[in-house]
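In what follows, chains carry the letters A, B, and so on, assigned in the order in which the sequence lines appear, proteins first and then strands, with residues in each chain numbered from 1.
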Amino acid sequence: MDLKAILEAALFAAQRPLSLAELEALFGEDERPATEEIRLALATLADEYAARPLELRKVASGYRFQVRAAYAPWISRLFEERPGRYSRALLETLAIIAYRQPVTRGQIEEIRGVAVSSGIIRTLTEREWVTVVGHRDVPGRPALFATTPQFLDHFNLESLADLPALPEFAVSPELEDVLAAAQTDPTHPSEEPPDPADAGA
Amino acid sequence: MDLKAILEAALFAAQRPLSLAELEALFGEDERPATEEIRLALATLADEYAARPLELRKVASGYRFQVRAAYAPWISRLFEERPGRYSRALLETLAIIAYRQPVTRGQIEEIRGVAVSSGIIRTLTEREWVTVVGHRDVPGRPALFATTPQFLDHFNLESLADLPALPEFAVSPELEDVLAAAQTDPTHPSEEPPDPADAGA
Amino acid sequence: MTGAAPAPEVLEPVARVKGAPVGQLPEDLYIPPDALEIFLETFEGPLDLLLYLIRKQNFDILDIPIAEISRQYIGYIEMMDSLRMELAAEYLLMAAILAEIKSRMLLPRPKETEAEEEDPRAELVRRLQEYERFKAAAERLDRLPRLERDLFEAGAGSDDIPVPKVYPSIAMKDLLSAFQDVLKRLNHTRHHHICRESLSVRERMSMILERLAGNATLAFETLFPLHEGRPGAVVSLLAVLELGKERLIEIIQDEPLGALRVRAVAATGGD
């Protein structure tokens with residue numbers, strides 16, 4: 001049986017990202033291919049889907065097939081529930097946790113200048129985007145929050161390093177608009193992440 | 001946008017069968033293709049996947065991409081159920097069956113002093129370590145459980161006699177009793193009254 | 001995404017309109033009555049409101065005209081107050097900070113210390129810049145293609161594929177210790193005989209019952225395989241006798257001195 005076809009079948013059957021280790025474990029000990037062979041087969045597979053509405057993408061917890069963003073207008077009609085629009089407060093809190101992790105609630109509040117509602121922290125932890133990774137050794141032992149692989153998976157990222165760069169200086173609103181235009185255009189080349197399967201990481 | 005590609009994207013995104021009506025509903029009123037066009041596109045799509053490990057199938061509730069059955073040996077490893085460790089109650093039940101077979105559930109309960117859950121008996125029989133070798137002729141006709149050759153195999157034993165002895169427990173006069181009782185009357189009534197718990201077993 | 005911010009326009013000092021009917025507020029500050037509740041939600045806090053005022057008027061964030069900004073900020077706060085809106089404490093705290101900075105700016109500073117002394121606005125500027133970075137980061141995060149909104153996981157059915165079970169293993173020592181626990185408990189509660197010698201007998205009992213499950217009766221002698229020799233015969237005999245004692249089998253003899261047969265007391269089966 002063809003290695004590539006087995007990987008393809010498994011990635012579609014799993015309905016979640018599969019790590020290289022999980023892909024290797026599909027095979028019995030006597031027939032197990034080398035990791036390098038699996039990587040190669042995944043790259044070929046990604047190429048074969050280049051002209052299809054699906055793409056093979058590597059995200060934090062592994063490889064997955066996903067429908068390309070260009071099809072969202074039709075696909076979203078399939079789902080009754082509109083995808084949640086997240087409030088600015090939630091997104092700002094999430095951004096601070098993502099870029100400054102691990103952080104305490106107090107540190108988030110210091111940056112935002114307002115109290116962080118418990119509802120936001122609850123939503124973020126219930127979605128499994130954020131988790132408590134420890135406690136700060138100061139009075140009250142406040143929880144330290146960090147993002148999870150599920151957060152990266154959901155935002156189509158492979159690692160925290162793939163997050164858009166945090167602006168180093170205050171950017172003028174005009175420049176911000178230019179950046180915004182570039183990023184919302186799904187066919188914009190700079191937006192397209194590198195080919196999932198050939199990433200050696 | 002290509003009709004066929006939109007259908008393909010939707011079928012993979014839905015993760016459930018989609019009816020023709022649902023496929024039509026993907027499109028706005030102004031762009032909605034005729035049912036015949038959708039059928040045709042689906043047929044083309046099915047052809048395009050002919051050489052892949054997936055097939056477009058029509059099932060009762062609609063169309064869906066499925067992993068071809070030939071890939072089951074690998075795919076099934078994805079879904080392996082790994083129940084946790086066995087409970088103390090299960091170990092005790094198994095030990096009693098091993099050392100005291102053939103025994104009824106009522107007798108096991110009498111020895112353990114607590115009820116034996118059906119789940120434990122089911123697990124042990126599913127695992128093929130325990131089997132029913134007969135029924136006791138008392139009200140309710142409770143099943144008599146004994147261990148199997150698979151049980152011996154798992155513990156690398158040739159026979160039950162190879163089960164480790166429990167030296168700290170003195171040899172009882174039971175063997176003498178058996179001989180004595182048997183010599184006088186082979187149908188000597190059991191010293192153990194029928195256990196009422198057996199009736200419900 | 002500067003949100004619900006109105007079109008850029010030079011701000012009037014809003015303190016003048018304190019208490020005035022909403023409709024007479026300068027256009028830039030005009031907030032439709034049904035949107036009053038939304039106003040505070042439009043701004044994510046005092047830093048956000050300040051940033052809005054600064055950006056809207058193209059002030060240099062590094063050289064904020066603090067008197068002007070303070071007046072406008074306090075104008076908003078007073079308007080909120082006059083409209084009886086609940087103001088988060090953070091907004092009032094910021095008003096106090098602005099007033100303090102303003103007063104420090106007004107104080108004449110000796111020339112020689114001016115170089116070392118920090119600009120009273122420095123800390124506020126640092127906070128504003130830091131907040132602005134994360135505000136921008138949040139907007140970029142929101143624009144990332146995201147699962148369930150822009151991207152959808154692709155899956156195919158695999159219903160016909162069986163789900164194998166991988167069973168946990170048991171070590172002999174665990175089985176033994178479980179049994180020892182049972183026996184210890186038994187010793188505490190009642191007198192019960194568990195004798196190890198009968199193990200091979202018990203195994204033989206199971207075997208005989210299993211054989212009887214497939215046969216109505218068995219000839220007594222077939223229960224004694226010759227190749228097992230004398231010890232085997234003893235084990236078999238004990239097993240037959242124990243089964244008889246437990247009323248699991250019957251030993252039948254149709255006529256005096258006739259052949260002995262063994263049958264299960266009740267019809268047995270593997271069910």
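Neither the backbone nor the side chain of L78(A) has a heavy atom closer than 4.5 Å to any heavy atom of chain C. For I96(A), the parts lying under 4.5 angstrom from a heavy atom of chain C are both the backbone and the side chain. If you measure heavy-atom distances from A115(A) to chain C, the contacts under 4.5 Å come from both the backbone and the side chain. There is no contact between P73(A) and chain C, counting heavy-atom distances below 4.5 Å. Looking at L163(A), the atoms closer than 4.5 Å to chain C (heavy atoms on both sides) all sit in the side chain, from C-beta outward.
The most heavy-atom pairs under 4.5 Å with chain C, out of Q66(A), E110(A), R16(A), come from Q66(A). Put simply, of A154(C), P46(C), S158(C), G155(C), the one with the most heavy-atom pairs under 4.5 Å next to chain A is A154(C). Of the residues considered (A89(A), A165(A), A14(A), S76(A)), A89(A) shows the highest number of contacts with chain C, using heavy-atom pairs under 4.5 Å. Options Q15(A), E92(A), R64(A) differ in how many heavy-atom pairs under 4.5 Å they form with chain C, and the most are formed by E92(A).
The ring pair (Phe, Tyr, Trp, His ring centres under 6.0 Å) contacts involving residues 132-156 of chain C comprise F79(A)-F152(C), where partners must be two or more places apart or lie in separate chains.
For the pair E130(C) and R127(C), the salt-bridge criterion is not met [side-chain N within less than 4.0 Å of a carboxylate O]. Between R127(A) and E148(C), at least one side-chain nitrogen of the basic residue sits less than 4.0 Å from a carboxylate oxygen of the acidic one, meeting the salt-bridge criterion.
Between E24(A) and T35(A), the side chains place a donor N or O and an acceptor N or O closer than 3.5 Å (distance only, hydrogens not considered).
Counting non-hydrogen atoms of other residues, nucleotides and ligands closer than 6.0 Å to CG of D137(A) gives a total of 12 or fewer.
Residues that satisfy the salt bridge (Lys or Arg N to Asp or Glu O under 4.0 Å) test with R77(A), not counting sequence neighbours, are E31(B).
The backbone N or O of I170(C) lies less than 3.5 Å from no partner atom in the side chain of D174(C), so there is not a single donor-acceptor pair.
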